[in-house]
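Accompanying notes for the structure given below.
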Amino acid sequence: MNCRPSLLFVLAAGAAFFAPVAFCDSIANIGETRLKGPLGEKLDRIVAGHVMGTDVDYVTAPFLEKTETKGWWQTEFWGKWMHSSVPYLGYVTAGKCTVESAKCKVAEELCSKIDHGVDRMLSSQEKGGYIGNYPDELRCGEGWDVWGMKYTLMGLLHYYDLEMRIGTDAALRRADAAIGAAKSLCDYVIAEIGPKGRRGRELWQTGNWSGYASSSILEPVVWLYRRTNDKAYLEFADYIVKGMTEPEKGPRLLDLALKGVSVADRNEKDYKQDADWAYVCKNGRSKAYEMMSCYQGILDYVEEKERLGGGTEALKNLRKAALMTADDIVKEEINLAGGCACSEAWYHGARKQHLPYLRLHETCVTTTWMRFCEKLLEVTDDPKWADQIERTFYNAYLAAMKPDGSEFAGYTPLSGNRWHGQHHCFMHTDCCTANGPRGFLCFLRGLCRNDGKTATFNYYASALVKGFDMYSLYPRADYARIVSHTEGPLTMRLRIPAWSAKTVVKLNGAAQEGVKPGSYFSLSRDWKLGDIVEIVFDMPVVAHVIDHSIAFTRGPVLLARDSRFADGDMMEPFRMGLRDGQEMTSFAPVRTPSDDIWMAFSATLPIGPHHANPEAALPTTVFFCDYASAGNEWRRDNFYRTWFPVEYGPGE
C-alpha cells in the first residue's frame with residue numbers, strides 16, 4: 001500500500017502534526033527536534049538500517065500461523081517495531097518536505113510498511129479477539145503469550161495515535177479499526193485470565209518470574225483506558241495491580257519495595273541462581289527487564305487514578321514503591337556505564353562491576369531502564385533521572401549499537417569485545433535488536449521539552465529544537481551554546497548535571513548566579529531573537545576504585561583502552577596510590593585515530609611493575625577513548641578494557 005497523500009500532506013506540517021494532544025504523549029517533541037553531528041548521524045543510521053530495514057512480513061508471519069508450542073516470544077517483535085517506527089515517522093518528516101524529497105520518500109516507504117503490518121495483524125485476529133501465535137490449549141499459560149499480547153496492544157495503540165493525529169476520514173476509519181482490535185484483544189485477555197476468567201487462573205500466575213512478564217501488560221491496559229474511557233479497562237488495571245501486590249507468590253512489587261528489600265534480594269527462598277532452570281523460571285523475582293516494565297505500568301496507573309480524583313494512601317504507596325525501587329537500582333545495580341544486570345537479572349552489580357560477570361548489559365534492560373527513568377523524570381521533575389538517562393545513553397546504549405544502526409548487541413561487557421545479538425525463537429532477530437531503537441527515543445523526547453511557557457533542556461547535543469538552536473560538541477567538549485529563535489516571555493530551564501561541580505552559565509555574556517549541581521537552573525525573561533546562553537561544564541577525569549581495580553570517567557562518559565591504540569598490555573597493573581574520587585590531571589584530549597572513535601585522550605599514569613627496573617618507575621603514557629567507541633568494529637581482534645588491576649601489597 002502506498003503512503004496516503006493525506007498523510008504526506010499532514011506530515012509536511014512537521015511540528016504542528018506531532019504537537020502533544022490530550023490522548024497521547026507517545027510521539028510528542030519528535031517532530032520538533034532535529035539532531036545534528038555524531039548523534040544525528042547515529043539516529044539517521046538507526047532509522048535507515050533498522051526501522052526501515054525491518055521486514056514487516058517476517059515479524060508478522062507468526063501471528064498468521066498460530067503454531068507456537070515451545071513457549072517462545074516471536075510476538076513481541078512487531079509491537080516493539082511499532083513503538084519505534086511510528087515516532088521515527090514523525091522525526092523523518094519534520095519541517096518542509098515534498099513527495100519528491102529524499103526524506104519524504106523515506107516517509108512514504110515507512111508509512112507503507114506500517115500500514116501493511118497493521119493490515120496483516122488485523123487479518124490475523126480471531127473472532128474472539130485473540131492476536132498471537134499460540135494454539136488455543138496453550139494460550140494465557142506458560143511461556144510468553146501474554147507478554148506478546150502486551151506488545152501487540154502497544155503497537156495497535158501507537159497506530160491509533162498516528163491515525164488520530166492525521167484526522168482525515170480515511171485515517172479516522174483506520175484508527176477506529178486499530179482501537180477496535182485493541183479493545184477486542186484486551187477483552188479476550190480479561191475473559192481468559194481476568195476476574196473469573198475462563199482459564200481458571202490469575203493473570204499473575206501465567207508466564208515466568210513470579211508473574212512479572214504477564215503483569216507488565218498493565219502499561220498498555222492503562223493506555224487503552226486513556227483512549228477509550230471504558231471503565232472495564234480501568235477495572236482490569238485494578239485487578240492487575242492487585243495481582244502485582246497482594247499474592248504471596250506473586251510479583252510483590254509493593255511490600256518488598258516498602259520494606260527496603262533490594263531488587264537483587266527479592267527472590268523466593270527456593271530460588272537458586274545457579275540452577276539449570278534459573279535463567280527462565282517461575283519463582284524468581286530478580287529479572288530486571290520485566291520488573292522495571294511492571295513499575296512503569298504502575299506509575300502510569302497511579303497517574304491515571306490520581307487524575308480521576310485519587311490521591312489515596314494506597315496510590316501514594318505504589319508511587320513510593322516505584323521510587324524506592326529506582327533509587328535502589330541506582331545505588332546497588334547501575335555501573336559506571338549506566339548499565340546493569342547479569343544474565344538479565346539484578347545481582348548487586350554496582351559493587352561487582354570490576355569483575356568479569358557474564359551476559360552484562362542486556363540491551364533490553366538498558367532500554368527499559370531508560371524508559372523507566374524517563375517516566376520517573378516526568379512524574380517527579382527531578383533532574384537526577386535525566387542524569388541517569390544521559391549516563392546510560394552515552395555509554396551502555398550507544399555501545400550496544402552496531403555502527404551502521406542495523407543491529408543492537410544482546411550483551412555489552414565492560415571489558416572484552418562487542419558482538420552480534422542472538423537468533424531468538426529460530427528467527428533472524430532478537431529481543432535486543434527489536435528493543436534498541438526505543439532507547440534513543442528517551443533521549444530524543446527529553447532533549448528539549450517546550451510547551452510555549454517553559455523550555456526544559458535535559459541534554460546538550462547539537463540540535464534544532466522548538467524555539468532554539470543548540471550548538472555543542474558535548475560530551476566530547478565541555479561547552480554548549482543555545483541561541484534563541486523565540487520572541488516573548490518564556491522560562492528556560494537547564495539541567496545542571498550532578499557530576500558538574502562548578503558549572504558556568506552565561507546569558508548574553510553575563511555570568512549567572514545560583515547555578516547548582518543536580519538541579520534545574522531557570523532563566524525567565526522576554527526572549528529576543530539572537531539571545532545567547534552559554535554553558536561550561538566542570539568535566540574532570542575522575543578515578544573510581546573498587547577492590548584493587550580502577551576505572552576512569554570524564555563527565556558522564558566512561559573511558560576505555562582499546563586495542564586499536566596498540567599502546568601496551570591492558571592487564572598491566574596500576575601501582576598503588578590512586579584514590580577513589582581522585583581527579584586525574586594527566587588526561588588530555590587528543591586527535592582521534594579514526595572516524596570510528598568519537599573521543600580520545602592521552603594519559604600519563606603509574607602503570608606496570610618497576611622494582612627490578614628503575615626506568616619503569618616512570619609513568620607510562622597510554623590512550624583512552626569513550627566506552628561507546630571502544631570495540632565498535634565488532635571484531636574479535638578489536639578488544640577493550642574499562643577496569644584495570646591495581647597491585648597488592650605484602651600485608652593484604
Side-chain angles (χ1 to χ4, degrees), residues 330-331 334-338 350-351 353-354 383-384 386-388 390-392 394-395 414-415 460 472-480 494-505 511 515-519 521 534-562 565 567 570 572-592 597-608 610 617-630 640-647:
V330 172
K331 177 184 176 183
I334 299 297
N335 59 41
L336 295 178
R351 70 185 76 161
Q353 60 182 292
H354 60 298
K384 73 180 183 181
D387 283 359
Q388 292 296 324
E390 177 182 67
R391 177 167 59 167
T392 301
Y394 280 119
N395 296 286
L414 284 169
S415 296
Y460 300 98
S472 172
L473 297 179
Y474 178 99
R476 181 176 181 174
D478 61 1
Y479 173 83
L494 304 171
R495 179 185 65 92
I496 309 302
W499 49 259
S500 182
K502 299 177 182 178
T503 305
V504 176
V505 175
V515 181
K516 298 178 181 179
S519 66
F521 177 72
E534 298 172 281
I535 313 163
V536 180
F537 300 94
D538 185 16
M539 201 178 281
V541 173
V542 176
H544 303 266
V545 178
I546 300 177
D547 189 24
H548 284 276
S549 294
I550 191 167
F552 304 96
T553 58
R554 181 177 179 270
V557 174
L558 174 62
L559 303 182
R561 291 180 65 184
D562 187 287
F565 289 119
D567 57 359
M570 294 185 192
E572 198 171 23
F574 279 67
R575 297 196 281 275
M576 292 186 292
L578 296 180
R579 304 181 310 280
D580 185 49
Q582 179 176 337
E583 292 189 7
M584 306 297 297
T585 59
S586 63
F587 280 73
V590 296
R591 182 178 180 178
T592 57
I597 295 177
W598 188 7
M599 54 190 86
F601 306 87
S602 68
T604 304
L605 299 166
I607 298 175
H610 62 277
L618 299 174
T620 301
T621 299
V622 294
F623 295 90
F624 289 78
C625 65
D626 58 296
Y627 171 72
S629 295
Y640 61 93
R641 293 197 67 82
T642 60
W643 283 94
F644 307 93
V646 177
E647 64 185 2

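Computed from a prediction, not measured in an experiment: that's the story for all the values here.
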| message | Strictly by salt bridge (charged side-chain N to carboxylate O under 4.0 Å, His left out), give each pair with a member in residues 536-557 just once, sequence neighbours left out. | response | none

| said: To the closest 0.5 Å, what do you measure between CD (Q353) and CH2 (W643)? | reply: 4.5 Å

| Heavy-atom pair of closest approach, residues V646 and R575 | CG1-O, 4.2 Å

| field | Pairing residues for T553 by the side chain to side chain contact (heavy atoms under 4.5 Å, CB included) criterion, not counting sequence neighbours | value | L336, V542, H544, L558

| query | Residues two or more places apart in sequence or in another chain: which of them pass side chain to side chain donor-acceptor pair (under 3.5 Å) with S472? | reply | none

| task | Name all residues meeting the ring pair (Phe, Tyr, Trp, His ring centres under 6.0 Å) criterion together with F574; count only those two or more places apart in sequence or in a different chain, and write none if there are none. | result | F552, F644

| Whether T642 side chain and L414 backbone form a donor-acceptor pair below 3.5 Å | yes

| remark: Nearest heavy-atom approach of Y627 to A560 is CA-CB, 4.4 Å

| query | Is the F537 ring parallel, tilted or perpendicular to the Y474 ring (thresholds 30°, 60°)? | reply | tilted

| message | Under the rule for side chain to side chain donor-acceptor pair (under 3.5 Å), what residues qualify as partners of R495, not counting sequence neighbours? | response | D387, E390

| note | Taken in chain and number order and not counting sequence neighbours, the residues that satisfy side chain to side chain donor-acceptor pair (under 3.5 Å) with R561 are D567

| field | Donor-acceptor pair, side chain of N395 and main chain of P556, under 3.5 angstrom | value | yes

| request: Might you point out which heavy atoms bring D626 and M599 nearest each other, and give the distance in Å? | output: OD1-N, 3.1 Å

| said: Between T392 and G338 (side chain of the first, backbone of the second, donor and acceptor by atom type, cut-off under 3.5 Å), is there such a pair? | reply: yes

| message | Is there a side-chain contact between M584 and L578 in this structure, where contact means two heavy atoms from C-beta onward sitting under 4.5 Å apart? | response | yes

| said: For F587, run the ring-ring contact (aromatic ring centres under 6.0 Å, His included) check against F623, F624, F601 and tell me which one passes. | reply: F624

